[in-house]
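Some notes on the structure that comes next.
What you see is a predicted model; the values in this text were computed from it and never measured.
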Amino acid sequence: MCKDCGCSITQDHQGHHGHGDHLHSNPQLNDKKTLSVIHKILDKNDVEAQHNRDHFASHHVTAFNLMSSPGSGKTTLLECLPEYLEQKYAVIEGDLETSRDADRLIAKGINAYQIQTGSACHLDAFMVHGALHHIDLGAIDICFVENVGNLVCPASYDVGTHKNIVLLSVPEGDDKIEKYPVMFRRADVVVITKSDLLPYFDFSLEHAKQQLHKLNPNSELLVVSVKNSDSMKTLANWIINHQEQ
């Protein structure tokens, strides 16, 4: 939880900001002035997020928000996608420090722009809007926003994308869906990455599917390894099929 960004204030299924009993242990989040400030921040962010979506739409670009914990394989996935995805895409990278991920993608010939958030634990719509000035949207079909590695805060901030892709790697364990429900409720698709490691870890795909269905019955689950071309084709097809018309 981040008291500064208000990421503990979640939204219900209708998009309204709310807070539950679990917040009572934090006195700051029971203060009316604090809550008012947090709601204003989130409301302003939502307005900017819609502005970003309109901007993408005017260029016929579909935007996907990639979220996960650090090390789940977001950048590696994006490095490998050109082999399976004919559509041109660019990537907006979010990390606290360094431009390593953007540099990796640029080295592969992928248009990428790095946002360094400093101490911020997530991207917001204003950061993404600033990055769009560095991306030629007229030259692409898809824009991926690779969010800061974090299974909590990014889930509470709409950055103006059309779909949410949440990655969960096999080494992390199948219990993460239950432990971080806000993130997985936001997912349009959950991608189990590093599936080539399934024989070596105590990870139950069936348990993961059951928990995801209980939390978010509308979300799909894909099992992917960058070493398995068929699984990568399945992911590429999902992305293609979910492009905005």
Side-chain angles (χ1 to χ4, degrees), residues 1-11 15 17-20 22-23 25-31 34-49 52 63-78 91-102 104-105 112-132 143-161 163-169 171-173 175-188 190-191 193 215:
M1 183 189 67
C2 171
K3 66 180 181 62
D4 297 315
C5 74
C7 55
S8 58
I9 305 298
T10 60
Q11 292 184 324
H17 299 299
H19 56 286
H22 66 286
L23 296 181
S25 60
N26 187 335
Q28 288 184 304
L29 295 179
N30 290 320
D31 178 74
T34 300
L35 288 172
S36 176
V37 170
I38 290 172
H39 285 307
K40 286 180 181 178
I41 291 171
L42 291 170
D43 289 342
K44 287 181 179 179
N45 181 81
D46 288 348
V47 171
E48 188 71 4
N52 289 347
F64 296 89
N65 189 7
L66 270 65
M67 297 180 286
S68 75
S69 60
S72 65
K74 296 188 296 297
T75 309
T76 300
L77 207 65
L78 293 171
V91 180
I92 295 171
E93 283 284 350
D95 280 303
L96 270 68
E97 296 290 347
T98 83
S99 60
R100 290 180 181 177
D101 286 353
R104 282 174 56 183
L105 296 173
Y113 180 78
Q114 183 78 48
I115 299 172
Q116 296 180 12
T117 66
S119 61
C121 50
H122 56 83
L123 294 177
D124 63 28
F126 293 94
M127 296 179 193
V128 171
H129 176 78
L132 292 180
C143 183
F144 292 106
V145 176
E146 184 179 338
N147 221 307
V148 177
N150 184 344
L151 276 179
V152 183
C153 310
S156 296
Y157 272 75
D158 184 357
V159 295
T161 51
K163 298 292 182 181
N164 292 327
I165 300 175
V166 177
L167 277 59
L168 173 63
S169 68
E172 293 175 74
D175 61 336
K176 298 301 179 291
I177 295 174
E178 292 176 278
K179 293 173 73 173
Y180 299 92
V182 176
M183 175 64 75
F184 291 94
R185 287 193 186 105
R186 299 291 191 275
D188 293 292
V190 172
V191 180
T193 59
L215 279 174

Check your understanding: Where do Val128 and Ile92 come nearest, in terms of heavy atoms and distance?
Key -> CG1-CD1, 4.1 Å
Review point. Hey, does the side chain of Asn164 reach the backbone of Asp188 with a donor-acceptor pair shorter than 3.5 angstrom?
Key: no
Review point. Given side chains that start at C-beta, do those of Arg186 and Val166 come closer than 4.5 Å, heavy atoms only?
Key: no
Revision key, fill the gap. All heavy atoms of Tyr113 vs all of Ala102, minimum pair found to be C-CB, 4.4 Å
Practice item. For the pair Asn147 (side chain) and Asn65 (backbone), establish whether a donor and an acceptor sit closer than 3.5 Å, ignoring hydrogens and angles. Key: no
**Study point:** Pairwise distance CG(Leu78) to CZ(Arg104) - rounded to 0.5 angstrom
**Key:** 9.5 Å
Review point. Can you name the nearest heavy-atom pair linking Pro70 to Asn150, along with the distance?
Key: CD-N, 4.1 Å
Practice item. Sequence neighbours left out, what passes side-chain contact (heavy atoms from CB on, under 4.5 Å) with Asp95? Give chain and number order. Key: Glu93, Asp101, Gln114
Exercise for review: Give, for atom CG of Leu77 and atom CG of Leu167, the distance between the pair rounded to the nearest 0.5 Å.
Suggested key: 6.0 Å
Point to revise | Asp158 side chain vs Asn45 backbone, donor-acceptor pair below 3.5 Å | key: no
Revision key, fill the gap. Nearest heavy-atom approach of Leu105 to Ala112 is CB-CB, 4.0 Å
Review point. Does some side-chain heavy atom of Val182 sit less than 4.5 Å from a side-chain heavy atom of Val152?
Key: no
Review point. Any side-chain donor-acceptor pair under 3.5 Å between Glu172 and Ser72?
Key: no
Review point. Residues in ring-ring contact (aromatic ring centres under 6.0 Å, His included) with Tyr180, at least two apart?
Key: none
Exercise for review: Could you grab the distance from atom NZ of Lys176 to atom OG of Ser68, nearest 0.5 Å is fine?
Suggested key: 12.5 Å
Review point. Rounded to the nearest 0.5 Å, how far does CZ of Phe126 lie from CG of Asn52?
Key: 9.0 Å
Review point. For the residue pair Leu215 and Ile177, what are the closest heavy atoms and their distance?
Key: CD1-O, 3.2 Å
Exercise for review: With the side chain counted from C-beta on, respond yes when Asp124 and Met127 share a heavy-atom pair under 4.5 Å apart, and no when they do not.
Suggested key: yes
Check your understanding: For the residue pair Ala125 and Ala49, what are the closest heavy atoms and their distance?
Key -> CB-N, 3.4 Å
